[in-house]
Structures are given as C-alpha cells and as structure tokens.
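Atoms within a ligand are numbered from 1 in the order they appear, just like the ligands themselves. Side chains are part of it too, since the values below use all heavy atoms of this structure and drop only hydrogens, waters and symmetry mates.
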Amino acid sequence: MNLSLEPEILPKAVRDFQPEWGIVLGSGLGSLVEEVDAILSVPYEEIAGLPVSTVPGHAGRFVFGRLAGRRVIVAQGRVHLYEGRTAEEVTAGVRFMDALGVKKLILTNAAGSLRADFAPGTWMMLSDHLNLTGTSPLFGVANFVDMSAAYSPGLRAHFAQLAAEEKTVLHEGVYAGLPGPQYETPAEVRMLRTLGADAVGMSTVLEAIQARALGMQVAAFSCLTNMAAGLSTGALDHGEVLATGRAAAEQLVRLLARALA
Ligand code: HPA
C-alpha cells in the first residue's frame with residue numbers, strides 16, 4: 001500500500017500553520033475538540049492515504065486550531081489494527097502530523113485498569129508500554145529506534161506537577177497494547193499483570209513507536225474506563241467505555257489546557 005502523506009491538499013494557510021502540538025483523541029474523548037478554537041476541520045477521507053475509522057466514537061477528522069493559545073492539530077478518531085488495518089495505516093496520522101511540523105505529540109486512549117487502586121473514571125499517564133500487538137510500523141522502513149524513554153520524561157514531569165497542583169488524580173503506569181478487538185479473558189488479564197502492565201488497551205503503542213522514530217516527544221494518557229476482565233463483576237461493554245470516557249474527558253482537557261499554556 002502506498003501512503004502518500006503530502007499535505008498538499010490543505011489550504012496554504014493551514015500548511016503554513018505549523019502546529020506545535022499534535023493530539024490524538026481516543027474512544028469517547030472527542031469532546032476535547034470543543035475546547036479548541038478551530039480554524040479548519042478536515043475529514044480524513046479528504047487526505048490522500050489516510051484510512052478512515054469504522055468504530056462508533058471515532059469521528060475521523062483533523063481539527064486545526066488553538067488550545068490555550070498554542071497551535072494544535074487534533075486527530076479526532078483513529079484507526080486500529082482490529083479494523084483490519086496494518087501498522088502502517090494505523091500510524092499514517094502520526095506521519096501526517098510530522099509532515100506538518102508537529103514536534104510534540106499527545107496520545108489518548110480508553111483502557112481497562114489492571115489495578116484495584118486505579119479506579120475507573122481516572123486517568124493514567126503512560127510511563128512506558130508493552131507492545132503486544134505482534135507488529136510495528138517500522139518493519140522494513142526504520143531500524144533500532146531507541147525506546148528507553150519512549151514517553152518524554154520532561155513532559156511527564158510537567159504533567160505530573162500540574163496535576164498535583166490542580167489536585168487532579170493522575171496515575172502513572174505501564175500500558176499494554178493488544179490488537180483486540182475482543183476484550184481480554186480473565187486469564188489474559190492475570191498474564192498482563194504478571195508482565196508488569198497497569199492498564200490494557202488496543203491502540204497507542206504503534207503510534208508512539210512511529211512518533212519516536214520521527215524524533216517527536218510523546219506523552220500519552222489512558223482514560224481508565226473500566227476494570228479489566230475478571231477484576232470486577234459483570235461483562236465489558238463498549239457503550240460503557242464511551243460513557244466513562246466522556247465523563248472523564250473534562251479532567252484531561254483542563255490539564256492539557258494548563259500544560260500547553
Ligand atoms: N481492554 C482493552 N481495551 C479497552 C478496555 C479493556 O478493558 N477498556 C477500554 N479499552
């Protein structure tokens with residue numbers, strides 16, 4: 001597949017916009033764009049080579065604008081491996097942001113909590129990840145990218161300090177990225193805990209790898225929408241994931257607005 005990501009289709013004003021920050025919004029977190037003073041919104045299908053998501057809760061557009069006075073590009077909706085997409089397709093948006101000049105990338109996602117002390121409805125900032133997808137966006141195109149500080153220690157310290165000042169709960173931990181689309185079994189959840197993961201989801205790790213290969217600084221946040229399978233009673237449900245994400249989005253919006261300012 002040829003993914004040509006030249007941003008030529010964009011109006012010149014947007015090409016010259018030079019966003020400083022890129023923000024990728026996960027399931028149920030789309031409301032964050034309401035805080036952006038938008039100057040332009042571009043559906044993914046209008047950009048050559050950008051795949052379009054089929055998942056409810058993922059809109060599929062870039063919003064260009066300002067958040068806390070900073071120039072940002074927000075990807076509202078992403079595509080996933082479980083939609084039958086390749087690692088290359090899943091990370092096309094990150095390469096597009098890089099082509100526009102983005103140097104700092106914020107990834108968000110919905111995730112299941114693997115820890116009794118990380119309650120649903122709270123946020124976890126990623127300190128590290130386990131890429132358990134079995135793939136990489138770098139196959140055949142890049143080699144031996146250093147991942148020893150994949151999530152920027154400087155950005156993490158900044159966010160942690162602001163969260164403490166605001167008295168917003170912001171856990172830090174390790175995110176396990178699986179291909180999905182089925183939720184985990186209780187046995188898989190026990191395995192993930194043994195492996196050292198604190199949360200589990202179906203996105204983010206490939207984008208972080210791609211971003212690091214491009215030299216971006218990355219920060220990532222998991223909205224803990226539920227206890228992972230077997231850690232609480234009842235079945236997991238995508239509708240509940242979206243609803244919890246919507247309710248918790250506001251906390252992250254406040255934090256991002258302060259962090260960017
Ligand atoms: N597992 C995997 N992905 C998820 C979950 C989960 O429990 N919740 C939200 N995304």
Discussion item. Under 3.5 Å, is there a donor on one side chain and an acceptor on the other for Thr91 and Arg95?
Written reply: yes
Worksheet item: Which atoms of ligand 1 sit under 4.0 Å from any heavy atom of Glu184?
Response: 1 (N), 2 (C), 6 (C), 7 (O)
Item to complete: Using the side chain to side chain donor-acceptor pair (under 3.5 Å) rule, pick out the option among Thr122, Thr204, Asn109 that qualifies with Ser222.
Response: Asn109
Worksheet entry | Atom indices of ligand 1, in the order listed, that fall short of 4.0 Å to a heavy atom of Met202 | 2 (C), 3 (N)
Discussion item. Heavy-atom pairs closer than 4.0 Å: do any link ligand 1 to the side chain of Ala229, the backbone, both, or neither?
Written reply: neither
Worksheet entry | Candidate with minimal heavy-atom separation from atom 10 (N) of ligand 1, of Ser113, Gly201, Ala110 | Ala110
Discussion item. Go through it in stages, so that I can follow the logic: the residues are Asp198 and Arg115, the test is salt bridge (charged side-chain N to carboxylate O under 4.0 Å, His left out), and I'd like the CA-CA distance, side-chain angles, deciding distance and then a yes or no.
Written reply: CA-CA 6 Å; Asp198 300 299; Arg115 292 175 57 143; 3.2 Å; yes
Response to the item:
heavy-atom search around atom 5 (C) of ligand 1 in the protein gives Gly112 N, 3.4 Å
Worksheet item: So which protein heavy atom does atom 9 (C) of ligand 1 come closest to, and at what separation?
Response: Thr225 OG1, 3.4 Å
Practice prompt. Output the distance between atom OH (Tyr44) and atom CZ (Phe96), rounded to the nearest 0.5 Å.
Written response: 10.0 Å
Discussion item. Below 4.0 Å, non-hydrogen atoms only: which portion of Asn226 touches ligand 1? Side chain, backbone, both or neither.
Written reply: side chain
Discussion item. Working to the nearest 0.5 angstrom, can you tell me the gap between Arg254 CZ and Leu256 CG?
Written reply: 11.0 Å
Practice prompt. Please report the closest heavy-atom contact between Pro43 and Arg61, naming both atoms and the distance.
Written response: CA-CB, 3.9 Å
Worksheet item: Which of the numbered atoms in ligand 1 are below 4.0 angstrom from a heavy atom of Leu236?
Response: 7 (O)
Fill in: Aromatic contact, His171 with Phe118 (centres under 6.0 Å)
yes
Worksheet entry | Region of Leu178 engaging ligand 1 - heavy atom pairs below 4.0 Å | neither
